[in-house]
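Notes to accompany the following structure.
Along the sequence shown, residues carry numbers from 1. This one's a predicted model, so the numbers in the text were calculated from it and none came from an experiment. Order of appearance sets the numbers: ligands from 1, and atoms from 1 within every ligand. We use all heavy atoms of the structure for the numbers below, so side chains are in, but hydrogens, waters and symmetry mates are not.
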Amino acid sequence: MSSVTDNLKHIAGELPSGVTLIAVSKTKPVEMIEEAYAAGQRVFGENKVQEMVDKYEQLPKDINWHMIGHLQTNKVKYIAPFVALIHGVESLKLLETINKEANKVGRVIPCLLQFHIAQEETKFGLTLEEAREILESEAYRGMQNVRIAGVMGMATNTDNEEQIRAEFRHLKEIFDTLKREYFPGNADFKELSMGMSGDYPIAVQEGSTMVRVGSAIFGARQYNV
Ligand SMILES: *Cc1c(COP(=O)(O)O)cnc(C)c1O
């Protein structure tokens with residue numbers, strides 16, 4: 001067995017049923033995705049629009065493509081026809097654009113609200129208050145072509161496990177709060193996207209339903225993105 005296949009089997013074997021493994025293939029060649037595909041993997045994450053479109057065009061159409069990166073409004077139109085889930089919604093403007101582009105192609109696009117839970121300033125994301133503003137806005141209420149499927153966040157890049165755990169716990173609290181306040185009884189609001197190669201076991205313990213794992217499957221990336 002090749003290492004991609006081994007890695008996938010190993011990680012999939014560690015995840016409880018009900019947790020989705022997103023294979024983060026950014027910067028990696030189509031051949032490696034094909035290898036993962038041959039091993040049964042169908043959900044892949046990319047963080048650049050052009051790269052995702054190129055790979056979408058070359059690879060089997062039953063792949064679920066998740067946009068996990070920072071998404072610029074002027075690029076939404078390129079992925080609207082096929083993207084399975086957009087993880088990084090962190091403004092009303094972006095949500096409005098996704099809604100508009102989804103409408104043009106006759107789709108309802110599932111989205112996650114991204115929260116800032118890490119200590120690093122560089123990471124993107126909403127505060128709970130900002131999320132409430134979005135969810136209470138007239139604009140959001142009128143949207144027919146997006147569906148808020150849950151929340152996403154990234155923990156601080158640190159060796160301090162307790163800090164990582166506390167940040168994931170915080171995101172779970174945000175999820176529970178929004179569920180209670182805005183989505184009670186709404187089965188669509190169910191995803192808690194947290195956990196990467198270095199911290200997914202902790203994320204799973206703290207209630208993650210989707211882990212986004214790149215280097216632990218495909219190996220280290222050449223450049224850091
Ligand atoms: C790159 C990336 C990942 C995967 O990172 P690894 O450490 O390689 O597993 C997960 N989530 C986001 C948002 C990313 O940009």
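Looking at R141 and E136, no side-chain N of the basic residue comes within less than 4.0 Å of a carboxylate O on the acidic one, giving no salt bridge. Note on E173 versus R169: no salt bridge recorded, every NZ/NE/NH1/NH2 to OD/OE distance being 4.0 Å or above.
Where the criterion is an N or O separation shorter than 3.5 Å, residue side chain and backbone included, N47 fails it with respect to ligand 1.
Residue V213 approaches ligand 1 through these ligand atoms, each under 4.0 Å from one of its heavy atoms: 9 (O). Residue contact check: R212 has heavy atoms under 4.0 Å from atoms 4 (C), 9 (O), 10 (C), 11 (N), 12 (C), 13 (C) of ligand 1. Atoms of ligand 1 found under 4.0 Å from any heavy atom of M152 (numbered from 1 in listed order, with element): 13 (C). Distances below 4.0 Å separate heavy atoms of S197 from the following atoms of ligand 1: 6 (P), 7 (O), 8 (O), 9 (O). Which parts of ligand 1 touch G214 is read off a 4.0 Å heavy-atom cut-off, strictly below it: atoms 4 (C), 6 (P), 8 (O), 9 (O).
In this structure, of M154, M67, M196, R221, the residue bringing a heavy atom nearest to atom 8 (O) of ligand 1 is R221.
Looking at heavy atoms from C-beta onward, D188 lies out of side-chain contact with I148 at the 4.5 angstrom threshold.
Taking the six-membered ring for Trp and thresholds of 30 and 60 degrees, F183 and F189 have nearly parallel ring planes, at less than 30 degrees apart.
Here the closest non-hydrogen pair linking P81 and Y78 is CD-O, 3.8 Å.
The neighbour count for K179 NZ, taken as heavy atoms of other residues, nucleotides or ligands under 6.0 Å away, is above 12.
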